[in-house]
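Note on naming: letters A, B, ... go to the chains in the order of the sequence lines (proteins, then strands), and numbering restarts at 1 for each one.
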Amino acid sequence: MSEQFFDWEYAIGFMPTLLEGLWVTIQVTVVAFILAAILGLLMALGRRSDNPWIAQPIGAIVEFIRSTPLLVQLFIFFYVLPRYGLRMPAFIVGTIALGLHYGTYTSEIYRAGIDAIDRGQWEAARALNFSPVRTWVGIVLPQAIPPMIPALGNYLVAMFKESAQLSAITVVELTLTARTIGTQSFRFLEPFTMAGVLYFLISYPSSLVVQRLEKRYAGK
Amino acid sequence: MQANSSDPIVRFENVTKAFGELTVLRNLDFDVAPAEKVTIVGPSGSGKTTILRVLMTLEKPDDGVIWVDGEPLWHQKSGSKLVPASEKHLRKVRGNIGMVFQHFNLFPHMTALRNVTEAPIHVLKMPKGDAEQRAVELLNHVGLGDKLGHYPSQLSGGQKQRVAIARALAMRPKVMLFDEVTSALDPELVGEVLNVIRELAEEGEMAMLLVTHEMGFAREVSDRVVFFDKGRVVEQGPPEQIFGNPQNERTKSFFNAVLRH
Ligand SMILES: Nc1ncnc2c1ncn2[C@@H]1O[C@H](COP(=O)(O)OP(=O)(O)OP(=O)(O)O)[C@@H](O)[C@H]1O
Ligand SMILES: [Mg+2]
């Protein structure tokens with residue numbers, strides 16, 4: 001076998017393994033995004049609370065998480081928490097850390113979206129005697145969330161790529177799978193190239209969809 | 001205290017409201033009788049909107065007591081004392097009051113029909129079918145029976161305001177507040193909204209508190225006109241008297257300025 005620049009046979013041979021890694025990456029991304037969407041909303045609502053005992057600690061936590069690297073947070077979750085008895089599989093720990101980190105970003109989107117709702121909507125809701133919960137669920141969020149969708153979509157694409165950092169805590173996602181394949185056969189060009197292609201094939205079309213959504217909402 | 005028919009439906013007792021340094025309502029005493037139609041007129045910045053807003057619980061008064069149908073609005077009774085109202089008490093008393101806003105404030109993500117059914121279903125816990133039937137009646141009543149499925153963005157200003165009136169009526173308030181409800185409308189759309197309010201006034205049993213610059217309209221529908229300036233009632237009485245023969249100098253000069261307009 002002559003030494004090729006790019007060994008296609010080798011690449012085709014490891015593709016099923018690599019696709020398994022991609023599948024893990026997709027699972028991490030989707031679950032972490034759902035988590036970020038929910039936590040972001042809770043953080044945004046918490047920071048708006050009239051009760052300073054709720055608003056201020058949440059504000060401090062959000063700023064802290066936002067201002068420190070995801071990788072450091074992953075290491076804390078993975079190496080430090082087990083010392084205090086909180087032991088979870090790497091996949092779970094990584095997904096939670098990723099969701100929490102991006103939750104602090106989505107919370108800013110929620111904040112801006114909620115602030116954009118006209119004061120008259122709150123006043124009409126009060127004049128009609130809606131409960132606070134009903135005002136949020138029926139009046140404010142249904143108006144605030146649709147325009148946020150492009151911005152949330154951008155974070156979804158970003159999370160898909162950033163999930164590669166979970167390889168540092170042994171989550172066998174796409175990047176770690178590629179590295180393992182490379183280590184086993186001492187050829188890194190093919191696995192990392194193919195991993196890059198897979199990342200691209202998903203994130204590029206996704207960002208085109210997000211751009212479309214942005215145009216759609218900007219046109220309104 | 002049991003409310004009987006001669007008790008006021010709304011009573012402001014010594015109500016004060018300031019925004020920072022600016023005192024907008026000064027020890028205001030002011031009553032509205034059940035079913036009475038009262039128009040508030042006065043110069044810009046005199047506090048007319050603020051009266052309606054503290055009554056709708058959109059602003060909190062600094063001092064004094066507001067009574068609605070015999071119950072304190074911003075307070076509740078604790079023995080013989082009045083203490084600040086709980087959210088529950090506020091919601092209960094607020095249910096007597098409805099408001100139509102200058103800028104409509106319709107819910108843009110709901111059809112005309114749902115704008116009207118939403119509060120009866122979720123606040124009054126009315127069955128959906130009943131709420132819809134009543135909403136259709138009300139929208140017919142304001143001349144919008146053919147616009148049930150339209151979203152606010154598909155309606156003219158006058159149509160929006162008529163939906164907003166139907167929406168407020170659906171809650172069957174005992175007192176309805178109208179704050180310059182035609183002043184955001186194109187002139188040719190003012191009439192259709194005033195006609196709806198005029199009919200409501202003729203139908204009767206709901207008390208109405210209106211702030212308007214439409215003096216002709218005020219004269220027609222009001223039982224009483226209140227001239228308001230700098231947070232106080234300057235002069236009040238039947239429309240013929242206030243418009244026809246005002247006693248106070250400030251009232252006179254206000255009407256001179258308005259009429260010369
Ligand atoms: N939320 C607020 N914060 C600060 N100042 C306020 C606020 N609301 C009203 N004001 C001030 O209080 C005064 C009375 O306002 P209000 O809106 O009650 O007047 P108005 O009689 O309705 O006037 P207009 O005819 O212009 O509607 C004005 O000087 C206004 O600027
Ligand atoms: Mg006003």
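Shown here is A:Arg47, whose CZ atom has more than 12 heavy atoms of other residues, nucleotides or ligands within 6.0 Å. Surrounding CZ of A:Arg48 are more than 12 heavy atoms belonging to other residues, nucleotides or ligands, all under 6.0 Å away. Within 6.0 Å of atom OH in A:Tyr204, 12 or fewer heavy atoms from other residues, nucleotides or ligands are found, so the atom counts as exposed in its surroundings. Open room surrounds CD on A:Gln56; 12 or fewer heavy atoms of other groups in view lie less than 6.0 Å from it. A 6.0 Å sphere centred on CZ of B:Arg172 holds no more than 12 heavy atoms belonging to other residues, nucleotides or ligands. The local environment of CZ in A:Phe75 is crowded, with over 12 non-hydrogen atoms from other residues, nucleotides or ligands closer than 6.0 Å.
Remark: side-chain polar atoms of B:His109 are paired, donor with acceptor, to backbone N or O of A:Gly138 under 3.5 angstrom. Listed for the A:Gln121 side chain is a donor-acceptor partner under 3.5 Å among the backbone atoms of B:Leu106.
The part of A:Asp118 that comes within reach of chain B is its side chain, from C-beta onward, which places non-hydrogen atoms under 4.5 angstrom from that chain. Looking at A:Arg126, the atoms closer than 4.5 Å to chain B (heavy atoms on both sides) sit in the backbone and in the side chain alike. In this structure, the portion of B:Phe101 lying under 4.5 Å from any heavy atom of chain A is its side chain and not its backbone. Residue B:Thr57 touches chain A through both its backbone and its side chain, counting heavy-atom pairs closer than 4.5 Å.
A:Phe130 and B:His122 have tilted rings, their planes meeting at an angle from 30° to 60° on a 0 to 90° scale.
For the atom pair CG of A:Leu128 and CD of B:Glu118, the computed distance is 9.5 Å after rounding to the nearest 0.5 Å.
Against chain A, the residues from residues 84-96 of chain B that qualify, each with a non-hydrogen atom under 4.5 angstrom away, are B:Arg91, B:Arg94, B:Gly95 in number order.
Heavy-atom pairs under 4.5 Å with chain A peak, among B:Met99, B:Met171, B:Arg53, at B:Arg53.
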